[in-house]
Amino acid sequence: MTTFPWLKGHGTENDFVLLPDPDGTIHGDLDAGLVRFLCDRHAGIGADGVLRVIEGGKQPYVEDGGDWFMDYRNSDGSIAEMCGNGIRVFVRYLVDAGLAGDKPVRVGTRAGIKEVVQNDDGTFTVDMGEPVLPGPAGIVVEANGHQWPAMHVDMGNPHAVAFVDSLSEPGHLVDQPLWSPEEAFPAGVNVEFVIRRGPNDVDMRVHERGAGETRSCGTGTCAVAVASARQARQERPVTYRVGVPGGSVTVTWRADNHLEMTGPAVIHARGDFDRAWLPA
C-alpha cells in the first residue's frame with residue numbers, strides 16, 4: 001500500500017493517532033520509528049501515542065485479544081500495557097465505524113480484557129479492573145527540587161501518586177521525575193501530582209513515561225482515586241471527580257474492588273498518509 005488510513009482523537013485532551021489495521025497486516029510489528037514520526041507535532045500528525053486497531057483473534061501479542069485488540073504505543077515508540085483515555089477513544093472509533101453494538105465491547109490490552117460501554121450521554125465507561133498496591137512503603141518522588149512521599153498503585157501500568165500543596169510545585173514536567181528506591185519501578189513509572197479541592201474532588205497533573213507531561217492520563221485518574229480514598233480512609237464504594245488539565249472524569253471504586261472510569265471521547269480528524277513522506 002502506498003498510503004494508509006489514520007484518525008485523530010482525544011479523551012480529555014490526551015490525544016492519539018488511530019491506525020485501523022483489522023488483520024494486523026498493514027503495519028506488521030508496528031515500527032517504533034513510525035510511531036515516533038506519527039506522534040511528532042511538527043513533522044507528523046502529532047499525538048501522545050498511537051492506537052492500532054486489530055481484530056482480537058488476529059493479533060499476536062496476548063492469549064485473549066477480546067473482540068478488538070488495542071495495540072498501544074507511547075509517543076517515543078515504547079509499548080505501554082494499558083491506556084484509560086485511549087481505550088475510550090478506541091471504542092469511540094469502533095462505534096462510529098459500526099464495529100461495536102449495544103453490548104459491552106471486550107477490548108484486549110496487554111493488561112488484560114477491559115469491558116467498555118457507551119452511555120446515553122455519549123460518554124464511555126470502562127471497567128478498569130482491580131488496582132494493585134504492591135509497595136514498597138517509603139517511595140519518594142522528586143521534581144523541581146522538591147520531594148514528596150508517594151503511593152504505588154498499579155493499574156496495569158505503574159503509578160506513583162504524590163499529594164502536593166499546589167499543582168505548580170512540580171514545575172515544568174518535561175523531564176521524568178526521579179524516584180526512590182530505584183528498584184520500585186524497574187520499567188519506569190507514571191507520576192501523578194494531586195491536590196484536594198473538596199470531598200471526593202481532586203485535581204492532578206501527570207508525567208507519563210514515554211510521553212512526558214500530558215493533558216490527562218486515564219489509568220492515572222484511577223490510581224489517584226485509589227490513593228485519595230486510601231489517604232482519607234474511605235470505604236468502598238466511593239466515587240471521585242478527578243480533574244486534569246484537559247477536563248475531568250468520574251472514577252468509582254466499586255465494592256467488588258473494580259474501578260470504573262467514565263469520561264468523554266472524541267474523533268476529530270481522519271485522512272490517509274502517504275508512505276513517501278515517511279522517513280527512510
Side-chain angles (χ1 to χ4, degrees), residues 5-12 14-27 29-30 35 47-74 78-119 122-132 154-157 159 190 208 210-211 216-223 249-252 254 256-267:
W6 60 269
L7 300 93
K8 179 76 183 292
H10 74 89
T12 52
N14 192 191
D15 60 340
F16 309 94
V17 173
L18 290 90
L19 299 179
D21 192 4
D23 294 330
T25 57
I26 297 175
H27 299 287
D29 190 9
L30 191 55
V35 172
D48 293 324
V50 167
L51 308 171
R52 181 163 59 144
V53 185
I54 313 176
E55 287 186 30
K58 296 183 179 179
Q59 53 76 39
Y61 303 110
V62 297
E63 184 174 345
D64 184 356
D67 301 324
W68 292 88
F69 182 77
M70 183 177 74
D71 181 14
Y72 178 60
R73 312 295 175 109
N74 295 312
S78 61
I79 293 171
E81 297 88 347
M82 175 48 192
C83 181
N85 289 319
I87 201 169
R88 299 198 313 273
V89 176
F90 186 92
V91 177
R92 168 85 277 166
Y93 162 73
L94 294 177
V95 170
D96 289 353
L99 300 173
D102 296 332
K103 295 189 297 184
V105 183
R106 297 177 68 253
V107 179
T109 76
R110 291 178 173 85
I113 298 293
K114 310 297 179 185
E115 290 196 349
V116 186
V117 296
Q118 184 178 20
N119 303 308
T123 62
F124 292 83
T125 296
V126 186
D127 183 341
M128 299 287 286
E130 299 185 52
V132 178
D154 197 298
M155 286 302 307
N157 45 16
H159 296 268
N190 301 330
E208 292 194 63
S216 180
C217 174
T219 56
T221 62
C222 293
V249 299
T250 301
V251 179
T252 297
R254 301 185 327 213
D256 65 359
N257 201 33
H258 279 236
L259 285 141
E260 280 187 352
M261 176 188 58
T262 298
V266 177
I267 301 289

Residue that, paired with M261, satisfies side-chain contact (heavy atoms from CB on, under 4.5 Å) out of T252, D127, V249:
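Testing each of T252, D127, V249 against M261, the sole residue satisfying side-chain contact (heavy atoms from CB on, under 4.5 Å) is V249.
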
Applying side-chain contact (heavy atoms from CB on, under 4.5 Å) between V89 and each of V266, I267, N14, D15, report the one that passes.
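By the side-chain contact (heavy atoms from CB on, under 4.5 Å) criterion, V89 pairs with just one of V266, I267, N14, D15: I267.
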
My understanding is that only residues two or more places apart in sequence, or in another chain, count here; which of them pass side-chain contact (heavy atoms from CB on, under 4.5 Å) with [X]?
X	answer
E115	P104, R106
L99	W68, Y93, L94, A97
N119	V117, D121, T123, T125, T262
E81	R110, A111, N157, R209

Atom [atom1] in [X], atom [atom2] in [Y]: separation rounded to 0.5 Å?
X	Y	atom1	atom2	answer
L51	L18	CG	CG	4.5 Å
E130	C222	CD	SG	13.0 Å
M82	D154	CE	CG	12.0 Å
R52	D71	CZ	CG	4.5 Å
F16	F90	CZ	CZ	12.0 Å

Are P22 and V53 side-chain neighbours, meaning at least one heavy-atom pair lies under 4.5 Å?
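A side-chain contact is absent here, since even the closest heavy-atom pair is not under 4.5 Å.
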
Is there side-chain contact between R73 and L30, with at least one heavy-atom pair below 4.5 Å?
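They are in contact (side-chain heavy atoms under 4.5 Å apart), so the answer is yes.
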
Can you name the closest pair of heavy atoms from [X] and [Y] and give their distance?
X	Y	answer
D21	I26	OD1-N, 2.9 Å
N85	G11	CG-O, 3.6 Å
G129	M155	O-CE, 4.4 Å

Aromatic rings Y61 and F69: how do their planes relate, parallel, tilted or perpendicular, breaks at 30° and 60°?
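Parallel: the ring planes of Y61 and F69 meet at under 30°.
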
Pairwise salt bridge (Lys or Arg N to Asp or Glu O under 4.0 Å) hits with a residue in residues 84-98, at least two apart
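Listed once each, the pairs are R92-D96.
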
Ring pair (Phe, Tyr, Trp, His ring centres under 6.0 Å) partners of H27, counting only residues at least two apart:
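Listed in chain order: F4.
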
